[in-house]
Number of protein chains: 2
Amino acid sequence: MVPPVNSSGSTKERILGAAELLFAQRGFDGASLRQLTAAAGVNLAAVNYHFGSKDKLVEEVFRRRLDALNERRLAALASIAGAPQTTLEDVLEAFIRPALDLSHDDSGALFMRVLARAFAEHDDTLRQFLSVNYGHVMRQFTAEFARLLPQLSKEELYWRIDLVTGALTHAMSGFGMIQRKSDVSERAHREQTAQHLIRFAVAGLSHP
Amino acid sequence: MVPPVNSSGSTKERILGAAELLFAQRGFDGASLRQLTAAAGVNLAAVNYHFGSKDKLVEEVFRRRLDALNERRLAALASIAGAPQTTLEDVLEAFIRPALDLSHDDSGALFMRVLARAFAEHDDTLRQFLSVNYGHVMRQFTAEFARLLPQLSKEELYWRIDLVTGALTHAMSGFGMIQRKSDVSERAHREQTAQHLIRFAVAGLSHP
DNA sequence: CGGCCGTTCAAACGATCGTTTGAGCATACG
DNA sequence: CGTATGCTCAAACGATCGTTTGAACGGCCG
């Protein structure tokens, strides 16, 4: 039988883990399958056997994390959206908190950097994949922002969300100047990042 | 004689122009010397002859634009820094306006995207080059921000500047959702970008 | 036991990368 | 005129890339 859908486990998981690490460190083009499979302790051909191609592997790295992440984002949003006492902070929390919790897992934190890279690289294939599969999430959040900021024109709101996205991508990826101090745990640092980010975003979104 | 410092002009300029375009479109690794030299209409070996290596070419692309850009930034800052009536808007103007003027030139606008890529790619060599050669510019602006925002702790200020940097990089690079509408000139669009950016940054920097 | 099938493996494929080479060209100068 | 010099050119170098191949392995079932 031709290799079917198979969740063998160990080899696929090892590849996905190593891919997350190396993609975060060197980018999608920068990380070669030889480095990747060596890091995972598997044979070079295993990637094409289990995933079909390098591009499919990249998509799978995203799918594995984003499916769960965005489900939790939408659930958090649904529990507050439309309520009269909901604040901007609540909506931003709903977006950022699931990403923060993902970072409990060490490799989950890495994924945030992979995600930031996807935005930075101008690869249209990848951007289209993200837009098609997860665009509805951003649309739902945008709708709730629009409800909470009725004084803003649609254009003005889009501008501000766009700028917030830039700050968020920058901060969550760890690309900026701010580095975690050695006496602060990874978990505490990301919590701090989220706090700064939320207050910053609220100010940027709601200024007159 | 071994090839000396030589400003022959045409060939070097054509290479730099094509490099700016292709680096902006496909990244530094993504743009090959063969594509680049073909676009420039010069021989493949010309890059290594005139610049020594691809890495040196990348540095030269930055140096050509950043030298002039940051000189104008520092001049604009010097003319307002320390004055009692100077506002946050003034300082942000001093930083953003020269970049905006650079975009008068079409290829100048491209350079903004090249710059954003440099921040996104995690290449330590390039980041170090930028930090060593142009770090003093960011330091001067940070000092002026500190003067205008005395109520902020040093740490708080750094966080906010970092987030502003993210938004700025995102917006100036054209990576975001916001696309120029066909009935708006490139010049007007970048002016609009700057206006949104400055108001957004002021709100993000100065919120209580 | 014997055959099957999912998986792993070393090896090779062709393509493309940055860089180097050495001949060829044109201009300037003794 | 003849030689040196700055530059361009086609061709090749070795390295590395993603992908493919076909043999070998190993557990499971008839």
Side-chain angles (χ1 to χ4, degrees), chain A residues 1-23 25-62 114 117-118 121 123-126 129, chain B residues 1-23 25-62 114 117-118 121 123-126 129:
Chain A
M1 190 194 282
V2 184
V5 185
N6 183 333
S7 57
S8 82
S10 186
T11 295
K12 284 185 80 168
E13 286 303 318
R14 285 225 296 279
I15 290 174
L16 286 169
E20 216 160 41
L21 173 62
L22 287 178
F23 287 161
Q25 287 177 343
R26 324 191 196 199
F28 304 109
D29 280 359
S32 76
L33 289 186
R34 283 171 177 80
Q35 298 168 343
L36 202 156
T37 50
V42 304
N43 187 270
L44 168 62
V47 169
N48 283 279
Y49 177 77
H50 285 285
F51 298 95
S53 70
K54 185 180 182 180
D55 284 343
K56 295 292 185 67
L57 169 61
V58 172
E59 290 190 3
E60 195 55 34
V61 167
F62 280 101
V114 177
R117 257 193 200 280
E121 309 211 357
D123 185 326
D124 278 338
T125 308
L126 189 54
F129 168 82
Chain B
M1 190 196 280
V2 184
V5 185
N6 182 332
S7 57
S8 84
S10 187
T11 296
K12 283 185 80 167
E13 286 303 318
R14 285 226 297 279
I15 290 174
L16 286 169
E20 216 160 42
L21 174 62
L22 288 178
F23 287 160
Q25 287 178 342
R26 323 189 199 201
F28 304 109
D29 281 358
S32 76
L33 289 186
R34 282 170 179 81
Q35 297 168 344
L36 201 155
T37 50
V42 304
N43 187 270
L44 168 62
V47 169
N48 284 278
Y49 177 79
H50 285 285
F51 299 95
S53 69
K54 186 180 182 180
D55 283 344
K56 295 290 184 68
L57 169 61
V58 172
E59 290 189 4
E60 195 56 34
V61 167
F62 280 100
V114 177
R117 256 193 200 280
E121 309 212 356
D123 186 325
D124 278 338
T125 308
L126 189 55
F129 168 81

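Convention: sequence-line order gives letters A, B, ...; per-chain numbering from 1. This is a predicted model, so every value here is computed, not measured.
The distance between atom NZ of A/Lys12 and atom C1' of C/dT8, rounded to the nearest whole Å, is 16 Å. For the pair A/Tyr49 OH and D/dC25 C1', the interatomic distance rounds to 13 Å; values are reported in whole Å. Put simply, CG on A/Asp29 is 10 Å from C1' on D/dC17, counting in whole angstrom units. Spacing between atom CG of B/Asn43 and atom C1' of C/dG22 amounts to 13 Å, rounded to whole angstrom units. Atom CG in B/Leu36 sits roughly 15 Å away from atom C1' in C/dT16 (whole-Å rounding). Nucleotide D/dA12 holds its P atom 20 Å from the CG atom of B/Leu33, rounded to whole Å. In this structure, B/Arg34 places its CZ atom 14 Å from P of D/dC13, rounding to the nearest Å. Rounded to whole angstrom, the span from the CZ atom of B/Phe51 across to the P atom of C/dT19 amounts to 13 Å.
Residue whose closest nucleotide on DNA chain D sits further toward the 5' end, between A/Gly30 and A/Ala45: A/Gly30.
Close to C/dG18, at under 4.0 Å from its OP1 or OP2, lies no side-chain N or O of B/Ser53. One finds no side-chain N or O of A/His50 lying less than 4.0 angstrom from the OP1 or OP2 phosphate oxygen of C/dG6. Between A/Ser32 and the phosphate of D/dC17, there is a side-chain N or O to OP1/OP2 separation shorter than 4.0 Å. Residue B/Asn48 places none of its side-chain N or O atoms closer than 4.0 Å to OP1 or OP2 of C/dG18.
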**OP:** Show your reasoning for whether side chain to side chain contact (heavy atoms under 4.5 Å, CB included) applies to A/Lys12 and A/Phe51.
**Re:** CA-CA 8 Å; A/Lys12 284 185 80 168; A/Phe51 298 95; 4.0 Å; yes

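For the side-chain contact (heavy atoms from CB on, under 4.5 Å) with A/Val47, the lone residue among A/Leu33, A/Thr11, A/Val42 that qualifies is A/Leu33. Of the candidates B/Asp55, B/Leu57, B/Leu22, B/Val58, B/Val58 is the only one forming a side-chain contact (heavy atoms from CB on, under 4.5 Å) with B/Phe28.
Shortest non-hydrogen contact noted between B/Val114 and B/Glu20 is CG2-O, 3.4 Å.
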